[in-house]
Q: 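Okay, here's the structure, questions in a sec.
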Amino acid sequence: MAQAVSLPTSTPIANTQVRMADAAPGAHTAEAVLEACGLSVHYGTRQVLHEIELRIPRGTLTALIGPSGCGKSTLLRCFNRLHDVNPGVRVEGEIRINGYPVSAWDPVALRRRVGMVFQRPNPFPGRSVFENIALPLRVSGVRGKRALAQRVEQALQAAALWDEVKDRLHQPAQALSGGQQQRLCIARALALEPQVLLLDEPTSALDPVSTQRIESLLQELKSRCTLILVTHHLGQARRLAEHTVLLDAGRIVEQGPTEQLFEAPSDPRTAAYLSRAE
Ligand SMILES: Nc1ncnc2c1ncn2[C@@H]1O[C@H](COP(=O)(O)OP(=O)(O)OP(=O)(O)O)[C@@H](O)[C@H]1O
Ligand SMILES: [Mg+2]
């Protein structure tokens, strides 16, 4: 029996043009939270993604792998319409979340629901640890000192950072280590209670210990949201992802359960990529 999917209610959503809790035709026929249908992207006259068909199951982590320049970050940016800010980019086809096309959303509300973490930690410069999380919360309508403090603590707890920063909440975020800054960026995204978290090589600038901490964190986050992780580390994809998608030259070569894709790839190009990348 199909289940209605509702948004968390604790974050006010300004200007949302569609109500995600409503039933949408075809939305709940399967447990896909995120779908790309016939998705193509051009930068100017150059096409870099070709007719992508993708279904991301709810509450799982999907790894997006493939050679440098194959279009992983471009694909990720389609999910929260980051390309909108670049007039040279043309996106065709459709992305749906819970069955709703993202084109129907207010982009700001969409980006609250579909958070993003980048390769390099990017805390707001000149802002404290606390303000890095409180700022977007205020913008999204959270008011009152106590409520804010509570939400900031919850987010830092969820990102496994609270114990390390609870005594330095009002110090500059940029004084934290690289790994701590990245967990702060994850906390900042989590504070808005996203349904989907997009992670573009979030550990590639980090040392092994920080990487391990982020990996443990991602394992835990699967119970809170759906994760899409771009990574060049095949070991990381294998450790973390239920599903893996291999892109090459803007096309999906193969997608499926991670162990199956790694152990028994059905496309010879997958086997070739895995052996080259190991
Ligand atoms: N803003 C842009 N304008 C023009 N071309 C771009 C732009 N961004 C990316 N590209 C091109 O689109 C293609 C895909 O780039 P993308 O960044 O999505 O690859 P990627 O798979 O994320 O690579 P990497 O693993 O190196 O991060 C590349 O050829 C890249 O040069
Ligand atoms: Mg990239």
Side-chain angles (χ1 to χ4, degrees), residues 34-54 56 61-95 102 107 110-111 114-122 178-179 181-182 185-186 189 194 196-207 210-211 214-215 218 226-241 243-256 258 261-262 265 267 269-278:
L34 231 158
E35 295 163 284
C37 310
L39 183 75
S40 295
V41 175
H42 292 76
Y43 289 115
T45 54
R46 184 156 165 254
Q47 184 166 5
V48 297
L49 287 182
H50 302 259
E51 299 283 322
I52 299 291
E53 298 288 331
L54 198 58
I56 306 279
L61 188 149
T62 296
L64 206 50
I65 62 172
S68 183
C70 70
K72 304 179 295 297
S73 299
T74 299
L75 176 56
L76 220 53
R77 288 196 288 264
C78 293
F79 292 128
N80 63 355
R81 288 179 48 191
L82 269 192
H83 292 301
D84 284 15
V85 296
N86 186 342
V89 185
R90 183 155 51 92
V91 179
E92 293 166 345
E94 196 165 82
I95 300 272
V102 295
L110 173 68
R111 285 175 206 135
V114 184
M116 190 149 189
V117 174
F118 297 89
Q119 187 169 6
R120 299 215 167 264
N122 60 347
Q181 287 187 31
Q182 193 62 305
C185 293
I186 294 174
V196 178
L197 189 57
L198 310 170
L199 303 127
D200 197 349
E201 300 189 52
T203 62
S204 65
L206 303 182
D207 64 277
S210 303
T211 296
I214 301 248
E215 287 193 11
L218 296 183
T226 301
L227 303 159
I228 307 180
L229 170 72
V230 170
T231 182
H232 282 286
H233 298 290
L234 299 185
Q236 185 170 70
R238 276 186 98 155
R239 279 190 295 279
L240 297 177
H243 300 269
T244 296
V245 178
L246 172 63
L247 268 183
D248 193 12
R251 295 176 200 276
I252 292 181
V253 173
E254 185 164 349
Q255 57 180 312
T258 299
L261 188 138
F262 277 88
D267 191 303
R269 290 170 297 172
T270 309
Y273 173 74
L274 295 177
S275 65
R276 272 200 315 274
E278 283 294 4

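As the structure is a computational prediction, the values presented were derived from the model and not from experiment. Both ligands and their constituent atoms are indexed starting at 1 by order of listing.
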Q: Do we see a donor-acceptor contact under 3.5 Å between the side chains of Q236 and T203?
A: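 A pair is found: one side chain offers a donor N or O, the other an acceptor, under 3.5 Å apart.
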Q: Are T270 and D267 close enough that a side-chain donor and a side-chain acceptor fall under 3.5 Å?
A: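 Per modelled atom types, T270 and D267 side chains form no pair under 3.5 Å.
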Q: Taking R111 for the side chain and N80 for the main chain, is one N or O donor matched with an acceptor at less than 3.5 Å?
A: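 Side chain of R111 to backbone of N80, a donor-acceptor pair under 3.5 Å: yes, one is there.
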Q: Quick check: does S68 have an N/O/S atom under 2.8 Å of the Mg ion (ligand 2)?
A: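 Looking at S68, which is the residue asked about, there is no N, O or S atom under 2.8 Å from the Mg ion (ligand 2).
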Q: Measure the spacing between CG of L197 and OG1 of T226 and express it to the nearest 0.5 Å.
A: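 Between atom CG of L197 and atom OG1 of T226 there are 10.0 Å.
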Q: Output the set of protein residues with a heavy-atom contact under 4.0 Å to ligand 1, ordered first by chain identifier and then by residue number.
A: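 Y43, R46, V48, P67, S68, G69, C70, G71, K72, S73, T74, R77, N86, E201, H232.
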Q: Rounded to the nearest 0.5 Å, how far does CG of L64 lie from SG of C70?
A: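 It comes to 7.0 Å.
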Q: Once you round to the nearest 0.5 Å, how far does CG of L110 lie from CD1 of I95?
A: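 L110 CG to I95 CD1: 10.0 Å, rounded to 0.5 Å.
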